[in-house]
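Single-structure report; data block below.
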Protein chains: 2
Amino acid sequence: MVNSRFSVAIHILSLIATTSDKNQLTSEYIAGSVNTNPVVVRRMIGVLKKAGLLTSQTGIPGYDLLVEPKDLTLLAIYHAIDGPEQLFAIHDEPNPACSVGQKIQRTLEGVYTSVWHAMEEQLQAQTLQDVLDQLRK
Amino acid sequence: MVNSRFSVAIHILSLIATTSDKNQLTSEYIAGSVNTNPVVVRRMIGVLKKAGLLTSQTGIPGYDLLVEPKDLTLLAIYHAIDGPEQLFAIHDEPNPACSVGQKIQRTLEGVYTSVWHAMEEQLQAQTLQDVLDQLRK
DNA sequence: CAAACCTGTAACTATAATAGTTACAACAGG
DNA sequence: CCTGTTGTAACTATTATAGTTACAGGTTTG
């Protein structure tokens, strides 16, 4: 299983999108909702900021989305947090003297790429707005 | 990224399917092709054996597949090695007092399930025989 | 301007998953 | 009986992730 960074990023972005009171929207408040440490939140927000998804200012509470929720796909969020581009690792340096070892890496790459594309399609099809709609239900 | 156990399992099964000389097919030989330790190979083979994919006997070199490569889907192999049933972790215990924290887990489960199914379909569509064909090319 | 509060980061620690290694019991076959 | 093999347990090493402490620097407000 991949880490929970993706889940935390979506949680944070959902809070920013739905919280109107800026003074309430501190890293400590967000951490309280996510159930983690404020530094973990600020660290993650730093990543999302670098990716151009939101903005903030040192010393001033609150964050602003730079992309409309309906235009923000989950795939874009995934890329923002620099999630791994492959789901499965391929073992290093199989024996090139063996007919299987020689070609297994390229073969597995093909298999895993097809799996990866299927996953990308699903993430591309859903936006932050879809998540917000689910949360409101 | 998930671990390389899946890749190693496919590599091992490919070797068993294509190596006719049983006396050659020792855990040490397989380890040489995979580039790992013989114990890692025997450990993985133990898992595949428990799942009913192959058979072997203590003291006697060689392994036998119990399923025809054309009938062995990559998904079955994935299940055999007890791969994780979800790709992304969901953070623990978000704050139930917060409207987002209260529903985020269920919402993310829905998102991740759709991604998971897409992945399963891809793995179901490919068999060990497909891998063997790729290796032969 | 001083105190209180915030963001941004670096650095360290804790935990867990994975892989690699050593060791040895049990079995087979010459 | 000796050599080689499988099957496992137990330990170590490595790495990724998350959590924590500490502090620099900006903002706001009395």
Side-chain angles (χ1 to χ4, degrees), chain A residues 1-9 11-12 15-16 19 21-32 34-51 53-64 81-94, chain B residues 1-9 11-12 15-16 19 21-32 34-51 53-64 81-94:
Chain A
M1 176 131 37
V2 176
N3 54 48
S4 66
R5 291 175 69 224
F6 190 37
S7 298
V8 171
H11 191 151
I12 291 173
L15 280 171
I16 296 175
T19 307
D21 180 1
K22 286 283 185 59
N23 286 328
Q24 188 187 19
L25 196 60
T26 65
S27 62
E28 189 167 355
Y29 169 80
I30 295 173
V34 173
N35 186 31
T36 184
N37 193 290
V39 176
V40 171
V41 171
R42 295 204 290 270
R43 195 189 287 156
M44 171 60 75
I45 284 179
V47 170
L48 298 174
K49 195 175 178 180
K50 249 179 210 157
L53 267 48
L54 53 79
T55 184
S56 65
Q57 253 184 299
T58 302
I60 307 179
Y63 302 91
D64 285 291
I81 66 167
D82 216 29
E85 285 292 319
Q86 281 296 344
L87 299 172
F88 306 110
I90 298 178
H91 49 295
D92 282 341
E93 300 174 27
Chain B
M1 173 128 42
V2 177
N3 54 49
S4 66
R5 290 175 69 225
F6 190 37
S7 298
V8 171
H11 191 151
I12 290 174
L15 280 172
I16 295 175
T19 307
D21 180 1
K22 287 284 184 61
N23 285 329
Q24 186 186 20
L25 195 60
T26 66
S27 63
E28 188 167 354
Y29 170 80
I30 296 173
V34 173
N35 187 33
T36 184
N37 192 290
V39 176
V40 172
V41 171
R42 295 204 290 269
R43 193 190 288 155
M44 171 61 73
I45 284 179
V47 170
L48 298 174
K49 194 176 178 180
K50 249 179 210 157
L53 267 48
L54 52 81
T55 186
S56 65
Q57 253 184 300
T58 301
I60 307 178
Y63 301 91
D64 285 291
I81 67 166
D82 215 30
E85 285 292 320
Q86 280 296 343
L87 300 171
F88 306 110
I90 297 178
H91 49 294
D92 283 340
E93 300 174 28

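All values below were derived from every heavy atom in this structure, side-chain atoms included, with hydrogens, water molecules and symmetry-related copies excluded. Reminder, nothing fancy here: chain letters follow the sequence lines and each chain counts from 1.
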Out of dG7(D), dA18(D), dG8(C), minimum distance to the side chain of Ser56(B) belongs to dG7(D)

Ignoring the backbone of Thr26(B), work out which of dT21(C), dC6(C), dT6(D) is nearest its side chain.
dT6(D)

Picking from dG7(D), dG19(D), dT22(C), which would you name as closest to the side chain of Lys49(B)?
dG7(D)

Among dA18(D), dC6(C), dG20(C), the one nearest any side-chain atom of Arg5(A) is dA18(D)

What integer distance in Å separates Asn23(A):CG from dT27(D):C1'?
11 Å

Can you tell me if Gln24(A) has over 12 outside heavy atoms packed within less than 6.0 Å of its CD?
yes

Knowing that exactly one of Ile30(A), Thr55(A), Ile12(A), Leu53(A) qualifies, which makes a side-chain contact (heavy atoms from CB on, under 4.5 Å) with Tyr63(A)?
Ile30(A)

Check the distance between dG7(D)'s P and Ile60(B)'s CD1 and give it to me in whole angstrom.
10 Å

Starting from P on dG19(D), measure out to CZ on Arg42(A) and report it in whole angstrom.
14 Å

Could you check whether the side chain of Arg43(A) and the base of dT20(D) have a donor-acceptor pair of N or O atoms closer than 3.5 Å, going by distance alone?
yes

Whole-Å gap separating P (dT8(D)) and CE (Met44(B)):
15 Å

In whole Å, what is the span from the CD atom of Gln57(A) to the P atom of dG8(C)?
9 Å

Nearest-angstrom distance from the residue atom CG of Asn37(B) to P of dT12(D):
16 Å

Thr58(A) side chain, from C-beta outward: closest of dT20(D), dG8(C), dT27(D):
dG8(C)

Would you kindly give the CG-to-P distance between Asn3(A) and dA16(D), to the nearest whole Å?
12 Å

Residue whose closest nucleotide on DNA chain D lies nearer the 5' end, Pro61(A) versus Val8(A)
Val8(A)

Roughly how many Å is it from OH in Tyr29(A) to P in dC6(C), rounded to a whole number?
14 Å

Taking dA19(C), dT6(D), dA18(D) as options, the one with an atom nearest any side-chain atom of Ser27(B) is dT6(D)

With a 4.0 Å limit, can you tell me whether Thr36(B) has a side-chain N or O closer than that to the phosphate oxygens OP1/OP2 of dA19(C)?
no

Using side-chain contact (heavy atoms from CB on, under 4.5 Å), reason through Val47(B) and Arg43(B) one step at a time and then give a plain yes or no.
CA-CA 7 Å; Val47(B) 170; Arg43(B) 193 190 288 155; 5.7 Å; no

Kindly check if the number of other-residue, nucleotide or ligand heavy atoms within 6.0 Å of CD (Glu28(B)) is above 12?
no

Ile81(B) and Ala9(B): which non-hydrogen atoms are nearest, and at how many Å?
CG2-CB, 3.8 Å

